[in-house]
Amino acid sequence: MAALLVLRTCRRPTIACTYTYNYQGTALANPTYNRRLASTEAAATSVQLANAGGLVGYWQTLSNSTPVAYMQDVLIKIHDYSGLPWWASIVLSTFLFRSVVTLPLTIYQHKITARIEKIALEMPAIVEELKKEAAMAKQKFKWSEQQTQIVYRRSIKKQWQNLIVRDNCHPMKTMIVLWGQIPLWIFQSVALRNLVYMLPDPTSIQAQIVTTEMTIGGFGWIPNLTVVDNSYILPVALGLINLAIIEVQAMSRTRPSTRLQNIANNVFRGLSVVMVPVACTVPSALCVYWVASSSFGLAQNLLILSPEVRRSVGIPKTQTELCEPYDLLWLKIQQRLRLAERPPADKPAAK
């Protein structure tokens with residue numbers, strides 16, 4: 001819900017309080033200052049409209065929150081100290097934040113997944129032993145079939161929990177990447193939106209300077225980062241990269257997808273398509289960030305498939321690990337494009 005709210009509110013500025021600003025009639029000779037005047041007056045007008053419409057609420061709280069304020073300060077400092085144009089500063093900060101936050105969490109997630117897969121291999125022997133013990137207990141204590149099954153299932157659950165505790169690999173930890181990535185994505189998106197629209201205080205000199213710098217801090221076909229990408233190149237690229245991430249994850253599985261996994265893949269495919277028209281309505285600064293973040297995610301997913309990389313970061317080898325992941329991906333791509341006559345066979349890692 002929070003992510004959807006961000007996507008919706010990134011399309012227009014909303015300020016939590018009104019500002020009155022008295023301008024002296026001395027700016028007529030300065031076109032840049034006049035543009036800042038008009039922008040500030042428009043922001044003040046949007047304040048009144050927002051308050052009149054009852055839009056002050058969760059969004060304003062998020063926009064004025066401490067994490068977003070810290071993120072804005074960090075983005076400004078990275079730009080100032082690096083000396084890069086704003087588009088390059090956004091890309092640099094994105095790679096930096098994701099390298100510090102999401103990359104370590106992704107590695108940890110894969111370690112947990114590998115541990116779960118390893119303890120799952122111990123369960124068949126434990127299950128057979130519990131079956132024998134349940135049969136003996138049934139005869140000794142004259143249990144009914146229902147009582148025996150209840151005790152048997154409880155024993156299996158207890159043994160599984162013991163293995164999880166022993167290897168410190170609770171399945172909930174496989175969601176740890178989302179716990180770090182989603183807040184980071186939301187905070188940086190809101191912070192960039194604040195910088196574009198001079199929020200939370202449009203009368204701040206620093207806010208006006210940053211917005212002015214963004215109007216000339218673009219690249220190529222987008223010289224102005226405060227306006228939308230009318231060429232639709234970035235929005236379409238965002239959709240394609242997000243779809244590529246989903247397909248890479250799906251094609252790198254060695255086991256048949258479950259019904260829940262298929263549903264999740266279709267949902268994420270739909271969201272990737274929906275992101276395209278959303279990205280067409282937000283400032284280009286946000287599009288640059290979203291494309292950079294998704295590009296990092298795609299590169300990260302491809303890199304973590306390599307057995308050499310997995311060993312170097314301490315991810316244990318498992319039976320389902322691919323020996324030649326990139327060859328497999330290429331073969332599956334050919335299969336989907338009908339360039340290959342037969343579906344490729346998965347090649348699990350050698351024991």
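Since this is a predicted model, take the numbers as computed values, not measurements.
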Just so I know, are the side chains of [X] and [Y] near enough to count as touching, which here means a heavy-atom distance under 4.5 Å?
X: I112; Y: H170; value: no
X: L163; Y: I126; value: yes
X: Q109; Y: M175; value: no
X: K157; Y: R154; value: no
X: F97; Y: V74; value: yes
X: V282; Y: V228; value: no
X: E321; Y: T318; value: yes
X: Y289; Y: V91; value: no

Checklist entry - Within a radius of less than 6.0 Å around OH of Y70, do more than 12 heavy atoms belonging to other residues, nucleotides or ligands occur? => result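 No, OH of Y70 has 12 or fewer neighbouring heavy atoms, counting only those of other groups under 6.0 Å.
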
Next on the checklist: Within a 6.0 Å radius of atom CZ on R311, are there more than 12 heavy atoms belonging to other residues, nucleotides or ligands?
Outcome noted: yes

To the nearest 0.5 Å, tell me how far [X] [atom1] sits from [Y] [atom2].
X: S189; Y: L62; atom1: OG; atom2: CG; result: 10.0 Å
X: L238; Y: C287; atom1: CG; atom2: SG; result: 7.0 Å
X: L305; Y: R310; atom1: CG; atom2: CZ; result: 7.5 Å
X: K173; Y: I116; atom1: NZ; atom2: CD1; result: 9.5 Å
X: L225; Y: E213; atom1: CG; atom2: CD; result: 11.0 Å
X: L75; Y: L92; atom1: CG; atom2: CG; result: 10.5 Å

Return the minimal non-hydrogen interatomic distance between [X] and [Y], and the atom names on each side.
X: H110; Y: I304; result: NE2-CG2, 3.7 Å
X: C323; Y: P307; result: O-CG, 3.8 Å
X: S89; Y: I78; result: O-CG2, 4.2 Å
X: A279; Y: W290; result: CA-CZ3, 4.1 Å
X: V101; Y: P104; result: O-CD, 3.5 Å
X: M198; Y: A207; result: CG-O, 3.6 Å

Checklist entry - Would you call the rings of F219 and W221 parallel, tilted or perpendicular, where under 30° means parallel and over 60° means perpendicular? => result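 Correct class here is perpendicular.
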
Next on the checklist: Check the orientation of W86 and H79. Use parallel for under 30°, tilted for 30 to 60°, and perpendicular for over 60°.
Outcome noted: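 Taking H79 first and then W86, their aromatic rings lie parallel (interplane angle under 30°).
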
Item to check | From CA spacing to verdict: side-chain contact (heavy atoms from CB on, under 4.5 Å), M214, L195 | outcome: CA-CA 9 Å; M214 282 194 170; L195 294 177; 3.9 Å; yes

[Y] and [X] side chains, donor-acceptor separation under 3.5 Å:
X: S284; Y: W87; value: no
X: S294; Y: N242; value: yes
X: R269; Y: N266; value: yes
X: Q146; Y: S144; value: no

Under 3.5 Å, side chain of [X] to main-chain N/O of [Y], donor-acceptor pair present?
X: T174; Y: P171; answer: yes
X: T211; Y: Q208; answer: no
X: S306; Y: L303; answer: no
X: D327; Y: L331; answer: no
X: K118; Y: K317; answer: yes
X: R98; Y: S293; answer: yes
X: K332; Y: M251; answer: yes
X: N224; Y: T226; answer: yes
X: K111; Y: V313; answer: yes

Checklist entry - Thinking salt bridges, do K140 and E133 make one under a 4.0 Å N-O criterion? => result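 Not counted as a salt bridge, because no side-chain N and carboxylate O are separated by less than 4.0 Å.
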
Checklist entry - Can R166 and E122 be counted as an ion pair, charged N to O under 4.0 angstrom? => result yes

Next on the checklist: Under the criterion side-chain contact (heavy atoms from CB on, under 4.5 Å), I'd like the reasoning laid out for V127 against Y152: C-alpha separation, chi angles, the key distance, then a yes or no.
Outcome noted: CA-CA 9 Å; V127 168; Y152 169 68; 3.2 Å; yes

Treating Ile, Leu, Val, Met, Phe, Trp and Tyr as nodes and any side-chain heavy-atom pair under 4.5 angstrom as an edge, say whether [X] and [Y] lie in one connected cluster.
X: L184; Y: L96; value: yes
X: L84; Y: F95; value: yes
X: L243; Y: F296; value: no
X: I246; Y: I263; value: yes
X: L178; Y: V100; value: yes

Item to check | Ring centroid separation W185 to F187 under 6.0 Å | outcome: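 Centroid distance W185-F187: not below 6.0 Å, so no.
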
Next on the checklist: Between L302 and L329, is the side-chain contact (heavy atoms from CB on, under 4.5 Å) condition met? List the steps.
Outcome noted: CA-CA 10 Å; L302 290 172; L329 285 178; 3.9 Å; yes

Next on the checklist: Evaluate V68 against S63 for side-chain contact (heavy atoms from CB on, under 4.5 Å), listing each step before the verdict.
Outcome noted: CA-CA 7 Å; V68 171; S63 180; 5.6 Å; no

